[in-house]
2 protein chains.
Amino acid sequence: MRRMPTVKDVAEQAGVSVGTVSRVLSGEASVKPSLRERVNEAIAALGYRPNVTARALRTSKTEVIGLIVPDITNPFFAQMAASVETAAMERSHTVMLASSHNDPEAERHHILAFLDRSVCGIIVAASSGSSDLPSDLPVPIISLDRRLGEFSVVSTNHAQAAALMADHLYGLGHRRISYIAGPPDTEAACVRREAFVKRLAELGETAGPAEVTIHQGKFDYDSGERIARELLSLPPAERPTAIAAASDQQAIGALRAARDLKIDVPRRLSIAGFDDIALAKLVVPRLTTVRQPVEKLAMRAVEVLFDQPFAASDEMIDGSLVVRGSTGPAIAMKPGDITGQHRKRADDLAANKG
Amino acid sequence: MRRMPTVKDVAEQAGVSVGTVSRVLSGEASVKPSLRERVNEAIAALGYRPNVTARALRTSKTEVIGLIVPDITNPFFAQMAASVETAAMERSHTVMLASSHNDPEAERHHILAFLDRSVCGIIVAASSGSSDLPSDLPVPIISLDRRLGEFSVVSTNHAQAAALMADHLYGLGHRRISYIAGPPDTEAACVRREAFVKRLAELGETAGPAEVTIHQGKFDYDSGERIARELLSLPPAERPTAIAAASDQQAIGALRAARDLKIDVPRRLSIAGFDDIALAKLVVPRLTTVRQPVEKLAMRAVEVLFDQPFAASDEMIDGSLVVRGSTGPAIAMKPGDITGQHRKRADDLAANKG
DNA sequence: CTGAAAGCGCTTACAG
DNA sequence: CTGAAAGCGCTTACAG
């Protein structure tokens, strides 16, 4: 466990000053080629690696991006973390990942810890909307998918994406729909819910009203399962014919509940998610969902962080509907309930399912 | 964006020297209470936070643990990361997480990057068995679940756990079994496979031989689905009556394949996994698996890192069988094939399923 | 018990 | 183009 070589060792070995070593390290053009070469040889010979801590102390900058997610066991965020890491790597930056376990206090703690370590920027998928951070932070900070406090956000166009799902279900003839929402203290959950309900109301004016009930949950499997179980315990006539969820995890939980209660999906009940996690196409039946463009989102978040000068504004990328086997035409439709137009769409969609 | 206060600012405000400030910061007992109080007031008034970078440079130590996992999108490792984080937090340490994307080169890169940042210890779930790291690293390093190079490992007793599954399937009367293995360059995959096969051979001597075929895959959904699809395309008489996988992800992929091919699980085919990820009890049917005690493993890994002096040796914790709905008695059993003893066990287990 | 000073390994004006 | 020197914010012998 020998001492690591320092600039000083390299300088001695190369017969130059530490300043010169530092200059070739930073790629400064003004170093005479012969010296540069000697320095590089010394570096190789000694196996020298710059001490990033000393560098950070001197410059107050590192090449690491801090990323905070609400819950790393949520596959959506795991995927997001992987994508951010890839995007960062392309700019030869490292990412430090922390999970806030949905705890705003832990989230705040991690942000401060990142600041303490002089990260060059912070990306946070917020656990809740609020934050009592000062707004004049020393490094750029941007939220991803879920907005933190007053900071800008790169996200899916949650409103557009949620409307897509409303269109889909309404088009299939569903008129009694339950919506499993996400935590009301996250902007994303609220926007998705409101847009879903609003679009359904709009559609209702054209081809007969749809009833929609809202059920507050978290974004996880458990709340999806629990809420669906309650809903599906109602007598068939009062049950929704479709359940839309604010996350795929919730939808997969709902799928589980339907299965336990022996309710056939999609023939007697449609279930749809949001996110398009890897698992969505593995469950039985495959899950209809709205795809969030995670890779793009991650890439944009990283790009924005690097923009000089940093002046992030909100940025949204459209989501897209992915129709699979968990949604189908509504049962017990009275012919008058849907127009020929909608009927046709419903059939098309159903034919298309996975 | 004002300058952060330093020890010097605190010292001035409190009318003491920086040395004294540093001493109260480190909780040194020898500081006179009156001074200590003045320093603490100054700290509070200025909102002072120690600069961890400077501290790290001076002491070559930080309170952060580096954790590297092969793939953060694998739910097992996501859960492991969350558990390590919890265990670290209990000792008020932070964890920096990196994902190697199953690339030994990236893994090596991350280890060196952690070393550069003076982490106080490194935990790595290896992407493959090899490592060309020097063995005299300046900080403790231990592998978790999957061994890295020559380093010690805290893991499930893979051999014991895999044997449990062999017992279970054999006990249910299965005599034609396929095993979907993990990558052969990971020790965990090899140990699980060998133990599974060995136990089956042992059982074969008591109550009739079992045929077992091995199929190499990765640990992910895709390879499970692909391999199962091939296996299940065989004519029924040649098909396995049970498929055991080296991971839950593979098993869930296999479940998907069986479903697509309209093969009833567990009535015509049993499928079993390994890990017991959260999802295992959500899929249809619920997955029989071997539970790895992740929280315990994570906790032990962190504890071992803190042991003074650091002298890690391999440590194993037993896994446990979790019987759910994806396994059942083998079909088309000739009475002679299994003993009454085994028959009874099979029935018991089947009755127990979720 | 406390202060003054050295030093961790870098980078970067400042001279020359 | 390059060297000598200051300084980033701490901690820790060393005196007293």
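These values consider heavy atoms only, across backbone and side chains, with no hydrogens, waters or symmetry-generated copies. Here is how names work: the chains are called A, B, and so on, in the same order as the sequence lines, proteins then strands, and each is numbered from 1.
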Visitor: Sorted by first residue and then second, give each side chain to side chain donor-acceptor pair (under 3.5 Å) pair with at least one member in residues 40-51 of chain A; sequence neighbours left out.
Guide: Arg49(A)-Asp116(B)
Visitor: Taking only residues two or more places apart in sequence or in another chain, which ones pass side chain to side chain contact (heavy atoms under 4.5 Å, CB included) with Glu303(B)?
Guide: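 Arg91(B), Met299(B), Arg300(B).
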Visitor: Using modelled atom types only, decide if a donor and an acceptor are shared between the side chain of Asp9(B) and the backbone of Thr6(B) within a distance under 3.5 Å.
Guide: yes
Visitor: Please list, pair by pair, any protein nitrogen or oxygen found under 3.5 Å from a nitrogen or oxygen in nucleotides 7-9 of chain D.
Guide:
| from | atom 1 | to | atom 2 | distance (Å) |
| --- | --- | --- | --- | --- |
| dG7(D) | N2 | Arg58(A) | NH1 | 3.2 |
| dG9(D) | N2 | Ala54(B) | O | 3.4 |

Visitor: Kindly say whether Glu105(A) contributes a backbone atom to a donor-acceptor pair with the side chain of His109(A) at under 3.5 angstrom?
Guide: no
Visitor: For DNA chain C, what dot-bracket results from Watson-Crick or G-U pairs at under 3.5 Å, with [ ] for crossers and | for inter-strand partners?
Guide: |||.||||||||.|||
Visitor: Looking at residues at least two apart in the chain, or sitting in another chain, which of them share a side chain to side chain contact (heavy atoms under 4.5 Å, CB included) with Val31(B)?
Guide: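 Val31(B) satisfies side chain to side chain contact (heavy atoms under 4.5 Å, CB included) with Thr20(B), Arg23(B), Val24(B), Leu35(B), Arg36(B) once adjacent residues are dropped.
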Visitor: Any base atoms under 4.0 Å from Val52(A), or only sugar-phosphate, or nothing? Heavy atoms, all strands.
Guide: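 Nothing, no heavy atom under 4.0 Å.
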Visitor: Any side-chain heavy atom of Thr62(B) sitting closer than 4.5 Å to one from Val52(B)?
Guide: no
Visitor: dC1(C) P sits how many Å from Arg36(B) CZ, rounded?
Guide: 10 Å
Visitor: Does any part of the side chain of Leu133(B), heavy atoms only, come nearer than 4.5 Å to the side chain of Phe151(B), both counted from C-beta?
Guide: yes
Visitor: Drop me the distance from Met96(A)'s CE to Glu85(A)'s CD, to the nearest 0.5 angstrom.
Guide: 12.0 Å
Visitor: Of Val31(B) and Ser22(A), whose nearest nucleotide on DNA chain C comes first from the 5' end?
Guide: Val31(B)
Visitor: Closest approach of Ile72(A) and Ala81(A), non-hydrogen atoms and distance?
Guide: CD1-CB, 4.2 Å
Visitor: Can you tell me the distance, in whole Å, between the NZ atom of Lys61(A) and the C1' atom of dC10(C)?
Guide: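 Whole-Å distance recorded here is 16 Å.
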Visitor: In residues 8-20 of chain B, what residues come within less than 4.0 Å of DNA chain D, judged by heavy atoms?
Guide: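 Under 4.0 Å from DNA chain D: Gly19(B).
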Visitor: Is there a donor-acceptor pair closer than 3.5 Å between any side-chain N or O of Ser100(B) and the backbone N or O of Glu107(B)?
Guide: no
